[in-house]
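Report on one structure; see the data block that follows.
The residues of the chain are indexed from 1 along the displayed sequence. All values below come from the heavy atoms of this structure, side chains included, with hydrogens, waters and symmetry mates left out. The shown structure was predicted, so the numbers you read here are calculated from the model rather than taken from an experiment.
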Amino acid sequence: MNPLVPEAIADYLPNAIQLAYLLAAVLFILGLKRLSSPATARSGNMLASIGMFIGVVVTLFDRDIISFEFIIAGIFIGAIIGAFLARKVQMTSMPELVSLFNGFGGAASALVASGEYFRLATEPFGGHELGAMVISLFIGSLTFTGSMIAFGKLKGIIGGSPMVYPGYKVVNTTLLIILLVFAVLFVVDADNRTFYLVITGLALMLGILLVLPIGGADMPVVISLLNSLTGLAASATGFVLNNNLLIISGTLVGSAGLILTMIMCKAMNRPLANVLFGAFGTEAAGPGGTTADMGKTVKEVTAEDLSVMTTYAKRVVIVPGYGLAVAQAQHVIREVADFLESKGVDIRYGIHPVAGRMPGHMNVLLAEANVPYPQLFDMDDINKEFEKTDVVLVIGANDVVNPDARTNSNSPIYGMPILNVDEAKSVVILKRSLNPGFAGIDNQLFYGENSYIFFGDAKKSLETLIQALKEL
């Protein structure tokens, strides 16, 4: 009997636990709904957090929980680590942190399912329990190693280019088939622990081999997919534990992540199979990004020139990319925008669905700088406005503004929807150099007749722009 539960109410406890789980599930759903808008995202996150807190606390009263002290210790340790990360991790490192969260979530699901298997090894399992156990172990282990590889690529520990070898698709397919065979064998003979260990080893290996061939340009999609898989692993673990809250919350995470993955694939005009198995970025359509290679020249612009262009413009559209996050220039661009607004300039931000290195990266980055949400426009809406725009400031974005996606049928990104910034009267690209982006291809926008390059670190360049604006 659970020492936290008085004997007088022990008989009513199971129903009370399920009602509390239902309340927590409702809070998860409401929180997820409110996360769909930056205006309500903070309250949505709070609702979901309350739901999780209720779920954890109520679990303490479950009769199957004997050593509840470990759960309490986990809550405090996790809270301390979470508070530390929330204060110390920079926005530039948020994609890597999300990858770690995905990985640890998958590992937790696999470990919980494993713990239940070894704890009850002497008791007979039902077929559905064994099936859920295999799914949790397989997806959880694969997600863990896959997320660690994604973390390494985002952090720069592993090269961002696709790492392929002859026949890698055949090897991965063969490993998957072998894994499925052992999964069936395990369900048939659950007493043979060798099958369980082989499934674990193959899943861990497959996670590594699946993510290594995926290039840095596709990391936002990979992160979203891994997040979805983590949810599915948690849901499968819920079936193993017969825990309704875990089933519901895992399903919510899995479905939301999958929907986001498909939205991002649509934004790149590429099927998910091509993202996972296409080794995008191994072939570049053009030289490595230098004007000497192309035989073309670019027009440079100074802070003084740009101050005149923007001050006397009617509309300025800012297109952020990962370079803005690297330079930590979100607060400075907000200062530039505020100054121009005070002069009567219409300021807007154009956000591509896959800009940055994780889903919603640019939205979160700009929200950190208190950029008004009504000024943020998605790709479909802002593309209608570029023809009526005087100046576009491209800060750190590359592949998502490359005209080759519309005009060059030989380009690897041909057909990908982009921000049509080249249709504006003037385009100013803030870059350190003419190096290509994650896709590894040269950007023809640099050489356009209406394009200008403002070389330098984005933050420092914007600071000089502010000074020039004030002097003007």
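- Residues forming a side chain to side chain donor-acceptor pair (under 3.5 Å) with Thr251 (at least two apart in sequence, or on another chain): Ser235.
- Nearest heavy atoms, Leu226 versus Ser147: CD1-OG, 3.5 Å.
- Note that CG of Leu27 and OG of Ser249 are 12.5 Å apart. Values are rounded to the nearest 0.5 Å.
- Scanning all heavy atoms of the two residues, the minimum distance from Ala233 to Ser136 falls at O-OG, 3.6 Å.
- Across all their heavy atoms, Ala236 and Ile135 have their closest contact at CB-CG2, 3.8 Å.
- A donor-acceptor contact shorter than 3.5 Å links the side chain of Lys153 to the backbone of Ile214.
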Given Phe101 and Leu97, is the side-chain contact (heavy atoms from CB on, under 4.5 Å) satisfied, shown in steps?
CA-CA 6 Å; Phe101 284 162; Leu97 183 61; 3.8 Å; yes
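- One N or O on the side chain of Thr230 and one on the backbone of Asn102 form a donor-acceptor pair closer than 3.5 Å.
- Under the side chain to side chain contact (heavy atoms under 4.5 Å, CB included) test applied with Met133, the options Thr237, Val187, Ile199, Val240 reduce to a single match, Val240.
- Side chain of Asp404 to main chain of Gln444: no donor-acceptor pair is present (N/O by atom type, distance under 3.5 Å, no hydrogens or angles).
- Remark: side-chain polar atoms of Asn402 are paired, donor with acceptor, to backbone N or O of Asp442 under 3.5 angstrom.
- A side chain to side chain contact (heavy atoms under 4.5 Å, CB included) with Leu324 is found for one member of Leu366, Val332, Leu430 and no other, namely Leu366.
- Here Phe186 pairs with Tyr117, Tyr196 under the ring pair (Phe, Tyr, Trp, His ring centres under 6.0 Å) rule; sequence neighbours left out.
- Not one N or O on the side chain of Asn227 forms a donor-acceptor pair closer than 3.5 Å with the backbone of Gly257.
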